[in-house]
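So the structure is just underneath, and the comments pick up after that.
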Amino acid sequence: MPLPNSLPRWERACLPALKLGLGSDKGPAGAPRPPPLSRSPQKGQSNRARRGGVMSGWDTSLQEEHYTSEKAKVLSSLLTGGVDAQAGQGFILQQPQAKVMVTAGENLTLICLASGTAGPGPVKWLKGWGSGNKTVYDPRNEDPSSRVTVAASDSNTDFTIHIRNVQPEDMGTYYCVKFVKDVSGEDKLFKRGDGTEVSVQAKPSPPLVSGPEQRVRPQQSVPFTCTTGGFFPEKIEVKWFKNSNSMGARPPQVTVGRMKTYNMSSTVRVTLEKDDVRSRLTCEVTHPTLPAPLRGRFQLNRILRVPPSVEVHAEPSPAEVNKTVTFTCLVKEFYPAQVSVSWLENGIEIEGQNVSRPLELPRGLFELRSRVEVQATEEKNGSTITCTVVHDAQAPVNYLTVLWISNPTLGGLSNEFQMNKGASELLGWGA
């Protein structure tokens, strides 16, 4: 039976698909064939009418009813993509890269190749799938400032994209997706590739070693911390050294940072020594992205303070009346070099002079000499001479001795000197 010629054009476009279910003598696939109509004339029906109603075993009304039903099914299938009509038959999107590893800052190429034919509609790139997906590339909304560009803009089979300056936040699975337009003109998902999983390796930042904010004295135990961040994957190793000697430290603490990267912190305790002026701590970081370890360093003299030892002595002692006595203040083995020296006679400041600027010793410590001259008059016998030392802006410390004068009229030392000889020795090491 020929199909009606009065169908609208959009319906007649579907007729090739309807041939799957409408044959001259066959029912639709999987549907039972209706029984043949009786050839016995019925009352009130002519033979001509009877012959017109048989038509190869199908009743005309049944054919038209079946056509209408199948037409609706095919149209529905075409609109929802359920039937591979001529426009979508054999269409395939291939993403040959199952997994890709790239280092942060580098460029990334994601390959997508198409074969077969499909209806009109764009091919987009999506990051992720489901409700949380993000459109990475849409040919209809290209942004010149975007890091994402298409490799072949005029190709109907190559939908490869390039991503510049890849960052850790770019990690995820990327899908190449074909859309087709429905009768309303909206894009509907048609097919997608298998996806490419992108992992981004990020190098750790240069290690930073920090210590106490204030200077500390020898024999004090203080913590030092080594930090680095922005790395991926998580695995990282840390070693500590004092000069060339390995040190024990707690396992590093690794935490999740911004943009899917990790941060690391490692702490070690160090007991400072007087000779640590030239010592150095080293934090050595090893990571899969590094061809060689990264090192952070800390010079211990940045936080070390070595207080001076001080000696004060007089020459000559005891002194003859009216002779000049030279008092020397020797400030030894201190660090840092900032030091000042002043002199007092019985609590009153007197003018002294520095014989030398701070002199650096082989171990990195410093030494300084200061002197003052006092006239040994009779009334000054027993006077207290004080050397006041201020080191590195710390509280002043006094070191004192006593001026002794011999008694020429008696041919020997004054009685006062004899009585206070022991006290003079004690006062010579004031604090």
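A cation-pi arrangement, defined by a distance under 6.0 Å to the six-membered ring centre and an angle within 45 degrees of its axis, is present between K124 and F179.
The number of heavy atoms from other shown groups lying within 6.0 Å of CG (N107) is above 12. The number of heavy-atom neighbours closer than 6.0 Å to CZ of R297, taken from other residues, nucleotides and ligands shown, is above 12. No more than 12 heavy-atom neighbours from other residues, nucleotides or ligands sit within 6.0 angstrom of NZ on K235. Applying the 6.0 Å contact sphere to NZ of K239 captures no more than 12 heavy atoms from other residues, nucleotides or ligands. Other residues, nucleotides and ligands place more than 12 heavy atoms under 6.0 Å from the CG atom of D143. Around atom CD of Q253, no more than 12 heavy atoms belonging to other residues, nucleotides or ligands sit under 6.0 Å away.
Contact annotation: the side chain of D276 approaches that of K242 to within less than 4.5 Å [non-hydrogen atoms, C-beta and beyond]. Put simply, the side chain of V339 reaches to within 4.5 Å of the side chain of P358, judged on heavy atoms. Annotation: side chain of V254 is not in contact with side chain of N263 (no heavy-atom distance under 4.5 Å). For the pair V238/M264, a side-chain contact is recorded, criterion being any heavy-atom separation below 4.5 Å from C-beta on. Side-chain contact between V150 and Y137 is present, with at least one heavy-atom pair separated by less than 4.5 Å. The closest side-chain heavy-atom distance from E345 to V372 is not below 4.5 Å. For the pair T109/T160, a side-chain contact is recorded, criterion being any heavy-atom separation below 4.5 Å from C-beta on. Residues E284 and F241 form a side-chain contact, since some pair of their non-hydrogen atoms from C-beta on lies under 4.5 Å apart.
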Is there a side-chain contact (heavy atoms from CB on, under 4.5 Å) between T173 and T196 once you walk through the steps? CA-CA 5 Å; T173 302; T196 300; 6.0 Å; no
Take H313 and T328 through the test side chain to side chain donor-acceptor pair (under 3.5 Å) and record every step on the way to the result. CA-CA 6 Å; H313 57 84; T328 299; 4.6 Å; no
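Closest approach of R215 to N301, counting heavy atoms only: NH1-O, 2.8 Å. Taking each heavy atom of L93 and C112 in turn, the nearest pair found is CD2-SG, 3.9 Å.
Applying the side-chain contact (heavy atoms from CB on, under 4.5 Å) test between L365 and each of K332, K274, E360 identifies K274 as the sole match.
Ring-centre distance between Y175 and W129: below the 6.0 Å cut-off.
In this structure, D170 pairs ionically with R147, as a charged nitrogen and a carboxylate oxygen lie closer than 4.0 Å. Electrostatic pairing of K178 and D187 does not count as a salt bridge here, judged by no charged N lying under 4.0 Å from a carboxylate O.
Taking the six-membered ring where tryptophan is involved, the planes of F334 and H391 are perpendicular, since the angle between them exceeds 60° and thus also 30°. Using bins of under 30°, 30° to 60° and over 60° for the plane-to-plane angle, the ring pair F327/W343 lands in the tilted bin.
Of the inter-residue distances, the one linking K188 atom NZ with E186 atom CD reads 5.0 Å to the nearest 0.5 angstrom.
Side-chain N/O atoms of T228 and S205 include a donor and acceptor closer than 3.5 Å. Side chains of S266 and W240: a donor-acceptor N/O pair is present below 3.5 angstrom, by distance only. For the residue pair T388 and N398, a side-chain donor N or O sits within less than 3.5 Å of a side-chain acceptor on the partner. Side chain to side chain, Q97 and E197 fail the donor-acceptor criterion of an N or O pair below 3.5 Å.
A donor-acceptor pair under 3.5 Å links the side-chain atoms of D182 to the main chain of G185, judged by distance alone. Not a single donor-acceptor pair under 3.5 Å links the side chain of E106 to the backbone N or O of R164.
Checked against side-chain hydrogen bond (donor to acceptor under 3.5 Å, both in side chains), D392 has the following partners two or more places apart in sequence or in another chain: R305.
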